[in-house]
Every structure is written in structure tokens, then in C-alpha cells.
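Inspection log for the structure reproduced underneath, given as C-alpha cells.
Just so it is clear: chains get the letters A, B, ... in the order the sequence lines come, proteins before strands, and each one is counted from 1.
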Protein chains: 2
Amino acid sequence: MKPLDRKTEIINCAAKLFKEKGYSAVTMRDIAQALDIKAASLYNHIKSKQEILVLIVIEIAEEFTKTINEIVLSKTTTIQKLEKVIQLHIDITIRNPEALACLNNDWMHLTDKELTYFIKMREDYEENFRNIIKSGIASNEIKNINPEVIIFSMLSTLRTLYLWYGKKKGFTESSLKNNMSEVLLNGIIM
Amino acid sequence: MKPLDRKTEIINCAAKLFKEKGYSAVTMRDIAQALDIKAASLYNHIKSKQEILVLIVIEIAEEFTKTINEIVLSKTTTIQKLEKVIQLHIDITIRNPEALACLNNDWMHLTDKELTYFIKMREDYEENFRNIIKSGIASNEIKNINPEVIIFSMLSTLRTLYLWYGKKKGFTESSLKNNMSEVLLNGIIM
DNA sequence: ATAACAAACTAACAAGTGTTAGTTGAAAGA
DNA sequence: TCTTTCAACTAACACTTGTTAGTTTGTTAT
């Protein structure tokens, strides 16, 4: 593995700590100590504690936004779109669970234009999801249940996958995806 | 409404702030200001910031623990047990969404014996849930899917209901319960 | 009227916060 | 070899944190 530059190391390390204790409870001295340097040295690489949070959260949020846009535009069935959305969440969870924890728990500590930008992306994401569900109901692929309940139920599961992944052994990425799709789409009752 | 005693007012007020910004980001001065008094005055009613967190989190955790124990012991079908669990989460969400947010996001800021106690309750809760699912699979009421996936999927939705309840209008408690049961148990596909 | 109490206050503290300034030693490029 | 750059350092800052001590004030019980 190529040695990451120091800024990336700091961000990854911070993300791990943020996941464990939350943004506010982690001090610059905590981050420094985990890297075995002094807090002041961090400022050779990053502008502020805020910047670390922004770099962690915004990048992931943009990836979600970009990908769901592509999914909406793809010419496939509703079910296939939903499976792609499940795949998207699993992908990112496996690749970067710490950043995902951050995005879920610490986004409210963003400020100013980044906060606005984040909220906008989040709303757009949910709106795209809502449109997938609605057109699935219209085409009789999905039951005529209140779309908000469906969106909430699926998203709350997918968004918190990071809490669970890693603790449970014996899942390959594809077996996880298959199990998850089955449960979320077809339910659990015989 | 009977006037709550001051300690309860403080705890409710703190819970609301903790929900918005998280335990660590809320200062005693924030709580005091929201009650229009000075921070030092809080200490006439509570011992410490920690005590506030403990009082919020432990009470709710005990209610979950107690109720799921009763559900496990009840002589009903697996499906009815699961519906009771859904009902439990909806009940508490409606009654005290702030405390639930706290329990979900700030439990890791408990310390010493309360932290241990909380983690034990959480594990017990999941173990009870797991047993309901397993016996449902054994009796052919529930599909033979990996129980961990089912537990995770249902619990992640139920645990984060507080995020959603209040934002969405037009749900009575019972219509919410019916919709939720349908989606979680039978899925969304036609 | 007096005593007792509840619940607010002011003032202060020690420890911890993010951050800046200026310095140093080692590595890399000319 | 000389010089620039990088990434660490020490020292300090202004401010915020949870908390304590001691005091005041209004209400209630004797």
C-alpha cells in the first residue's frame, strides 16, 4: 500500500475518533496523541478542526448524491434501482465506515455554507429516493403503502449499516447485499 | 398539566438540547440559559452534568429491558411478539423522543458502572430479540434468513424512529404501527 | 414574628479548549 | 555545498468548561 500523505492520515485518524466519541468530544490533543505528535503540529497540515469535519463529511455526501442521480436516470425496473441503492450503501459502508458514522452523527456541527450544502444534498437524496418509490407504486411493482414509511424504514437501516458491519463475521459483500435486499424488499414472514 | 418539579424541567430541557447537538456539545451554561437561570443554579437540583445523562438514559433503557422480557414470556405467536416490539418502540418514541435520541447517540458518554449496566441491558435486549426471531424460524413463521440481518434491519429502523416522528404529519399512533408492521414484516414488493 | 427552606444569585477556580507564533532538525533540490 | 522545504517541536494566548463556596431572596410552617 502506498504511504498516504500526512493530511489523509490525520483525517482518517480523526474520523476513527469521531466515530467512537463524536466530533465535540474529540480534542485536537486526542487526535495528535493518536498519531504520536503534538496538537500544534496538526496545523502544518490542516487549517482547523472544522476543516477536518468538512473533508470527512462532504466528500461522502457528494458520492451519495452523484450515484443516486445516476441510478434514477438508469433505464431499469424499480426493483433493480432499489437494489442498486442498497449496493451503494453497502459499498461505502465497507470502504469507509468511519466517515459514514461521522456523516450520520456529526453533520450538525458543520457551519455556514457547508451546513447548508449538506442539508441540501440530504434533501435531494431523499427526494430521489422518494421518486423511485413513487414510480414503483405507480407501476405496481411496489405495494401502495405510504412512501414516507418505506423511505424511512429502508434509509434508517442502510444509513446505520456502519454500526453493524465489522462486528458480524461471515458476510461477504455479496451475501450481505443479497440478505439485505431480501429482508428490505420481501420482508421476513413466510 | 401539573407543574413538574424543577429537576424534571432541567432534565427535559437538557434532553432536548442533547438531542439537537449531542451531550458533549451542550454546556451547563446552555442548559441554564434555556431555562433562563445561571449555570450555578442548576446545582441546587442536580449533582453533575453526568447525572443528567444517567437519569435520561437509564430510565428508558430499563423500560425497554423490562417490556421485552414480558413480551418474550407471553404465550403468543412470533408475529404477535414482533408486533408488540414494534408497538413498544413507537410508544416510547411518541412519549419521549428526546430521551430516545440521547440513548442512541450519547450512551457512550456514560461512565463506570452506568456504562457497564447500559451495555448489559443493550446486549440482553438484542439477545431477547434474537430468541424471538430464532424461534420464529424454527416454527416456520419466519423465513430462514440469517437472524442477525433481520435483527439489525428491524432494530435500526425502530431505534431511529425518533428522527422521523414529528416531522411527518398525518400519522396516528395506530396508523404508524400498522404501516410499520406491514413494511418490516411483509416487505414492500407486490 | 420567627425560623426554615427552596431556589435563585455573584464570584471565582482549575483544568481543558482550539489555535498562533516562532524555532529546529532532517531531507531534497539546486 | 548551499538553500529551500517539510514536518515536527515548545511556549503561550484567550476563552470556555464543569463545578464550588458563600450569599440573597421570597415563600411556607410554627
Side-chain angles (χ1 to χ4, degrees), chain A residues 1-58 102 105-115, chain B residues 1-58 102 105-115:
Chain A
M1 216 187 312
K2 191 198 302 181
L4 305 169
D5 70 7
R6 209 72 226 265
K7 184 164 184 172
T8 312
E9 279 189 284
I10 290 170
I11 289 166
N12 290 343
C13 176
K16 189 185 286 184
L17 294 174
F18 292 165
K19 182 188 178 190
E20 285 165 22
K21 316 203 305 173
Y23 176 76
S24 298
V26 174
T27 70
M28 295 304 278
R29 286 163 180 84
D30 291 335
I31 300 171
Q33 194 172 45
L35 292 162
D36 211 23
I37 60 177
K38 301 288 172 180
S41 307
L42 295 169
Y43 290 84
N44 286 317
H45 306 276
I46 51 101
K47 276 208 299 294
S48 65
K49 191 186 179 191
Q50 264 291 310
E51 191 204 22
I52 300 178
L53 182 65
V54 169
L55 291 173
I56 294 171
V57 171
I58 298 294
C102 233
N105 303 318
D106 294 320
W107 63 267
M108 72 282 274
H109 299 114
L110 293 170
T111 56
D112 308 323
K113 61 184 203 308
E114 282 91 5
L115 179 58
Chain B
M1 218 187 309
K2 191 197 301 181
L4 306 169
D5 72 8
R6 209 72 227 263
K7 185 165 184 172
T8 312
E9 278 189 284
I10 289 171
I11 289 166
N12 290 343
C13 177
K16 189 185 287 185
L17 294 174
F18 292 166
K19 182 187 178 191
E20 285 165 21
K21 316 202 307 173
Y23 176 75
S24 298
V26 174
T27 70
M28 296 303 278
R29 285 164 180 83
D30 290 335
I31 300 171
Q33 194 172 44
L35 291 162
D36 212 22
I37 59 177
K38 301 288 173 179
S41 308
L42 295 169
Y43 289 84
N44 286 317
H45 307 277
I46 50 103
K47 277 207 300 292
S48 65
K49 192 187 177 190
Q50 264 291 310
E51 191 204 22
I52 300 178
L53 182 65
V54 170
L55 291 173
I56 294 171
V57 171
I58 299 294
C102 236
N105 303 318
D106 294 321
W107 64 267
M108 71 282 274
H109 299 114
L110 294 170
T111 56
D112 308 323
K113 61 185 205 306
E114 283 91 6
L115 179 57

Nucleotide nearest A/I37 (side chain, heavy atoms from C-beta), chosen from D/dA12, D/dC9, D/dG18 = D/dC9
Distance in angstrom units between A/R6 CZ and D/dC6 C1', rounded = 12 Å
query = Starting at CD of B/Q33 and ending at P of D/dT16, how long is that distance when rounded to a whole Å?
reply = 13 Å
query = Which pair of non-hydrogen atoms, one from B/F18 and one from B/I52, has the smallest distance, and what is that distance?
reply = CE1-CG2, 4.0 Å
key: Side-chain donor-acceptor contact under 3.5 Å, B/N44 with B/S41   = no
query = For A/D36 and D/dA7, what is the distance between atoms CG and P respectively, to the nearest whole Å?
reply = 17 Å
ask   = Roughly, in whole Å, what's the span from CG in B/N44 to C1' in D/dT24?
value = 12 Å
ask   = Taking atom P of D/dA8 as reference, at what distance in whole Å does atom CG of A/D5 sit?
value = 11 Å
key: Minimum heavy-atom distance between A/S48 and A/Y43, given as atom pair plus value   = CA-CE2, 4.1 Å
ask   = So, is A/H45 close to the D/dC6 phosphate, meaning a side-chain N or O under 4.0 Å from OP1 or OP2?
value = no
ask   = Expressed in angstrom and rounded to an integer, what is the separation of B/H109 atom NE2 from D/dG18 atom P?
value = 12 Å
request  = Would you mind telling me which residue lines up with the more 5' stretch of DNA chain D, A/R29 or A/K38, judged by nearest nucleotide?
outcome  = A/K38
task = Using modelled atom types only, decide if a donor and an acceptor are shared between the side chain of B/Q33 and the backbone of B/R29 within a distance under 3.5 Å.
result = no
request  = Write down the distance between CG (A/L42) and C1' (D/dA8), rounded to a whole number of angstrom.
outcome  = 11 Å
Identified side chain to side chain contact (heavy atoms under 4.5 Å, CB included) partner of B/I31 from the options B/L17, B/I46, B/I11, B/I37 = B/L17
remark   = Taking every heavy atom of A/A32 against every heavy atom of A/K38, the minimum-distance pair comes out as CB-C, 3.5 Å
query = CD of B/E51 versus P of D/dT19: gap in Å, rounded?
reply = 10 Å
ask   = Base, sugar-phosphate, or nothing for A/S41, non-hydrogen atoms under 4.0 angstrom?
value = base
task = Report yes if some heavy atom in the side chain of A/Y23 is under 4.5 Å from a heavy atom in the side chain of A/M108; otherwise report no.
result = no
ask   = For DNA chain C, whose closest nucleotide is more 5', that of A/T27 or that of A/K47?
value = A/T27
message = For chain B and DNA chain C, what are the first and last nucleotides along the strand, 5' to 3', with at least one atom under 4.0 angstrom from a heavy atom of the protein chain?
response = C/dA7 to C/dA12
